[in-house]
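From a predicted model like this one, the values you see are computed outputs, not experimental measurements.
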2 protein chains.
Amino acid sequence: MSAPALKHDVFQAIADPTRRSVLQLLAQHDMPIVAISENFPLSRTAINKHLHILSDAGLVSSRRVGRETRYRLQPEPLAELKDWLAFFETYWHDRLSLLKDFVEKEPDPQ
Amino acid sequence: MSAPALKHDVFQAIADPTRRSVLQLLAQHDMPIVAISENFPLSRTAINKHLHILSDAGLVSSRRVGRETRYRLQPEPLAELKDWLAFFETYWHDRLSLLKDFVEKEPDPQ
DNA sequence: TTTTTATAACACCTTTTGGTTTCGTGTTTA
DNA sequence: TAAACACGAAACCAAAAGGTGTTATAAAAA
């Protein structure tokens, strides 16, 4: 019910460092493509492609204002990432606990 | 300091669904490659490649035990992901707060 | 010692990714 | 209306990703 069959998922979308930077930029405020492109050594077309991928993943929304298209950060899909991480955090903490026990009980294994 | 110039970063490593499944498998207990491969419709060689990528990202460690190589989950690098997410969670909560204010103050925008 | 098992290392192939340039379309502005 | 601007779409390209099968090597078992 929460995954409407997107072409690109959030894991894939954030795999690219350029796309992660774009998201950080958009976190500050909405921006049209030209403004975004100025922050990268890439063509406007390349940035446009990245925005499409981010859009497919539901991480940005776009809205035409006159002759420009303003992009906005849509952080909600990151919840999936958070949930996925939560699964491992239990193991993580368990491992740290185990390590703690080990260190406390066996000061020198040799 | 914390990023020892890895060939694959954690964002890239978890982008592939097969690799995410492998991590979930290894969360249960250490496993050699054959045991891992049995859970996927892929060749052992393909799984081996995925394990190398996970290893490059520091997400698994390997240890030879006789003639088999046991892989173990190493969840610590996921902290980078968690930190990255934390940055957006502030915006996230701010947006939800704004939405809440909007709904409370303007029952019907039309 | 021979055979089987577990894996690593190659060589190779196909698809996807990330980038480019070019061209077309709609929107301001002069 | 003409020029400048912002963007989308298409064609193209190189490199990386993801997969295969084959071969080599070391350990365990027969």
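Not counting sequence neighbours, the partners of S43(A) by the side chain to side chain contact (heavy atoms under 4.5 Å, CB included) test are T45(A), A46(A). Qualifying side chain to side chain contact (heavy atoms under 4.5 Å, CB included) partners for R64(A), counting only residues two or more places apart in sequence or in other chains: T69(A).
Contact of the F88(B) side chain with the L73(A) side chain is registered, since non-hydrogen atoms from C-beta on lie closer than 4.5 Å. Taking the side chain as every heavy atom from C-beta outward, F11(B) and E80(B) approach each other to under 4.5 Å. When side chains are defined from C-beta on, W84(B) counts as touching L81(A), because their heavy atoms get closer than 4.5 Å. Within the 4.5 Å cutoff, no side-chain heavy atoms of D56(B) are placed close to those of D9(B).
Within 4.0 Å (heavy atoms only), F40(B) reaches no atom of the nucleic acid at all.
For the atom pair CG (L42(B)) and OG1 (T18(B)), the distance works out to 5.5 Å, reported to the nearest 0.5 Å.
Annotation: the terminal axes of the helix from dT1(C)-dA30(D) to dA30(C)-dT1(D) meet at 20°, where each axis is the rotation carrying the C1' atoms of four end pairs onto the next four (5 pairs per end, rounded to 10°).
Each of I47(A) and M31(B) has a nearest nucleotide on DNA chain C; the 5'-most of these lies closest to M31(B). Sequence order on DNA chain C of the closest nucleotides to S62(B) and A46(A) puts S62(B) first from the 5' end.
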**Residue pair R70(A), E68(A): steps toward the side-chain contact (heavy atoms from CB on, under 4.5 Å) verdict** = CA-CA 6 Å; R70(A) 302 197 68 83; E68(A) 67 183 23; 2.8 Å; yes
Please tabulate, for side-chain N and O atoms in residues 24-40 of chain A, each donor-acceptor pair with protein atoms closer than 3.5 Å (sequence neighbours left out).
| residue | atom | partner | partner atom | Å |
| --- | --- | --- | --- | --- |
| D30(A) | OD1 | R72(A) | NE | 3.4 |
| D30(A) | OD2 | R72(A) | NE | 2.8 |
| D30(A) | OD2 | R72(A) | NH2 | 2.8 |
| S37(A) | OG | I33(A) | O | 2.8 |
| N39(A) | ND2 | A35(A) | O | 2.9 |
| N39(A) | ND2 | I36(A) | O | 3.4 |

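In this structure, CG of L51(B) is placed 12 Å from P of dG19(D), rounded to the nearest angstrom. Atom P of nucleotide dT7(C) and atom NE2 of H50(B) are separated by 16 Å, given to the nearest angstrom.
In terms of modelled atom types and a separation under 3.5 Å, the side chain of R20(A) and the main chain of I14(A) share a donor-acceptor contact.
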Please tabulate, one pair per line, each protein N/O and nucleotide N/O from nucleotides 9-17 of chain D that are separated by under 3.5 Å, including the distance.
| residue | atom | partner | partner atom | Å |
| --- | --- | --- | --- | --- |
| dA17(D) | OP1 | Q12(B) | NE2 | 2.6 |

Please list, for nucleotides 28-30 of chain C, all pairs of protein and nucleotide N/O atoms separated by less than 3.5 Å.
| residue | atom | partner | partner atom | Å |
| --- | --- | --- | --- | --- |
| dT28(C) | OP1 | G66(A) | N | 3.4 |
| dT28(C) | OP1 | R67(A) | N | 3.3 |

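In this structure, T18(A) does not reach the dG18(C) phosphate: none of its side-chain N or O atoms is under 4.0 Å from OP1 or OP2.
Here the options are I53(A), L78(A), L51(A), the test is side chain to side chain contact (heavy atoms under 4.5 Å, CB included), and the partner is L59(A); only L78(A) passes.
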